[in-house]
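Naming convention: chains lettered A, B, ... in sequence-line order (proteins, then strands); numbering from 1 in each chain.
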There are 2 protein chains.
Amino acid sequence: MDADKVFKALGDPTRRKLLDLLCEQNGQTLGQLCENLEMARQSATQHIDLLEAANLVSTVRRGREKLHFINPVPLHDIYERWVRKFERQRLSLLHDLKQELEGEDR
Amino acid sequence: MDADKVFKALGDPTRRKLLDLLCEQNGQTLGQLCENLEMARQSATQHIDLLEAANLVSTVRRGREKLHFINPVPLHDIYERWVRKFERQRLSLLHDLKQELEGEDR
DNA sequence: CCAATACGCAGGTAAATACCTGCATGTCAA
DNA sequence: TTGACATGCAGGTATTTACCTGCGTATTGG
């Protein structure tokens, strides 16, 4: 998993909207997706290319159409590497901060 | 939670490294953090400003020092909104793709 | 066939980003 | 008090990003 590509891909509202659209209905064509975006088709294609590069979306060609499918695996990997790690220490981290703030009062 | 700020903050290797550094030892000063980064202190400050804007890091001034603490809450919010949602549909999403691929063979 | 449809490719521009240098301010310790 | 130290602030530049327009290619249905 390339965390950089995944986070950069998610760091744009248009691309997050694309994922939401595909979550509502998986396997949509480029044209269908563009109907819900207020930008040129070519611009949407560039966003989708980044989602594909991050492996968040897979595509299948059917004739002249290109179908898009979500791949949730990278999101799960993000969870394992970047959420659980900090979640586990959540209480102790807040504890550190609280102690520091209390230290100021003394 | 501002998902855009959080994802954009996470979409840079330097800022992810800063979070890792703070996870190893919470409450470090700017100077301590800079020792582990190969860039000017002023550049690191700009990265930290983005982490603060995303509420991923909180700071406390102690005299002439600035101490940095991780706040894991936004990460957990990301999990709730962007991981669990897709995780829940993981199997069905893959099912959609598989069906589409099999459809190609017929 | 051939016109409409769905998409790919090339390039160009404005804004955002990630760095830097130089200098100013505030704090501590001798 | 004053010099050393930790950080803040201002601005400038090169790269990346997010759009666009224009045109080319491939597929389908009548």
Of the options [options], whose atoms approach the side-chain atoms of [X] most closely?
{"X": "E65(A)", "options": "dC20(D), dT21(C), dA6(C)", "value": "dA6(C)"}
{"X": "Q46(A)", "options": "dT21(D), dT7(D), dC19(D)", "value": "dC19(D)"}
{"X": "R64(A)", "options": "dA18(C), dC7(C), dT27(D)", "value": "dT27(D)"}
{"X": "T29(A)", "options": "dC20(D), dC7(C), dT7(D)", "value": "dC7(C)"}
{"X": "Q42(B)", "options": "dC20(C), dT17(C), dG22(C)", "value": "dG22(C)"}
{"X": "R41(B)", "options": "dA18(C), dT7(D), dC20(D)", "value": "dT7(D)"}
{"X": "L30(A)", "options": "dC7(C), dC19(D), dT7(D)", "value": "dC7(C)"}

Indicate yes or no for a side-chain donor-acceptor contact from [X] to the backbone of [Y] under 3.5 Å, with no hydrogens or angles considered.
{"X": "K8(B)", "Y": "A54(B)", "result": "no"}
{"X": "R15(A)", "Y": "H47(A)", "result": "no"}
{"X": "K5(B)", "Y": "N55(B)", "result": "no"}

Give the rounded distance in Å between these two atoms: [atom1] of [X] and [atom2] of [N].
{"X": "L10(B)", "N": "dT17(C)", "atom1": "CG", "atom2": "C1'", "result": "16 Å"}
{"X": "R61(A)", "N": "dT27(D)", "atom1": "CZ", "atom2": "P", "result": "7 Å"}
{"X": "M39(B)", "N": "dT21(C)", "atom1": "CE", "atom2": "P", "result": "12 Å"}
{"X": "K66(B)", "N": "dC28(C)", "atom1": "NZ", "atom2": "P", "result": "17 Å"}
{"X": "L50(A)", "N": "dA18(D)", "atom1": "CG", "atom2": "C1'", "result": "10 Å"}
{"X": "D4(A)", "N": "dT16(D)", "atom1": "CG", "atom2": "P", "result": "13 Å"}
{"X": "D12(B)", "N": "dT16(D)", "atom1": "CG", "atom2": "P", "result": "13 Å"}
{"X": "E35(A)", "N": "dC7(C)", "atom1": "CD", "atom2": "P", "result": "10 Å"}

Exercise. For H68(B) and for A44(A), locate the closest nucleotide of DNA chain D by heavy-atom distance; then report the residue assigned to the nucleotide nearer the 5' terminus.
Key: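 Looking at DNA chain D, the more 5' nearest nucleotide goes with H68(B).
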Self-check item: I70(A) and L75(A), any side-chain heavy atoms less than 4.5 Å apart
Solution: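 Result no, sub-4.5 Å side-chain heavy-atom pair not found.
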Quiz item: Can you find a pair of side-chain heavy atoms, one from K85(B) and one from E80(B), that are under 4.5 Å apart?
Solution: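 The answer is no, as the side chains (C-beta and beyond) never meet within the 4.5 Å cut-off.
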Quiz item: Would you say a side-chain N or O of S43(A) is under 4.0 Å from OP1 or OP2 of dA18(D)?
Solution: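 No, S43(A) has no side-chain N/O under 4.0 Å of OP1/OP2 on dA18(D).
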Exercise. Verify the contact: side-chain N or O of H47(A) to OP1 or OP2 of dC19(D), cut-off strictly under 4.0 Å; return yes or no.
Key: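 Answer yes for this pair, as a side-chain N or O of H47(A) is under 4.0 Å from OP1 or OP2.
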Self-check item: Check against side chain to side chain donor-acceptor pair (under 3.5 Å), E52(A) and T59(A)
Solution: CA-CA 8 Å; E52(A) 286 192 65; T59(A) 59; 3.3 Å; yes
Quiz prompt | Degree of bending, the helix from dC1(C)-dG30(D) to dA30(C)-dT1(D) (end axes from five pairs; round to 10°) | solution =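 Terminal axis comparison yields 30°.
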Quiz item: Checking salt bridge (Lys or Arg N to Asp or Glu O under 4.0 Å) for the pair R81(A)/D20(B): CA distance, chi angles, key distance, verdict?
Solution: CA-CA 11 Å; R81(A) 169 68 178 84; D20(B) 274 336; 2.7 Å; yes
Self-check item: Among N71(B), L50(B), V6(B), side-chain contact (heavy atoms from CB on, under 4.5 Å) partner for L56(B)
Solution: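 Of all the options given, the one that passes is V6(B).
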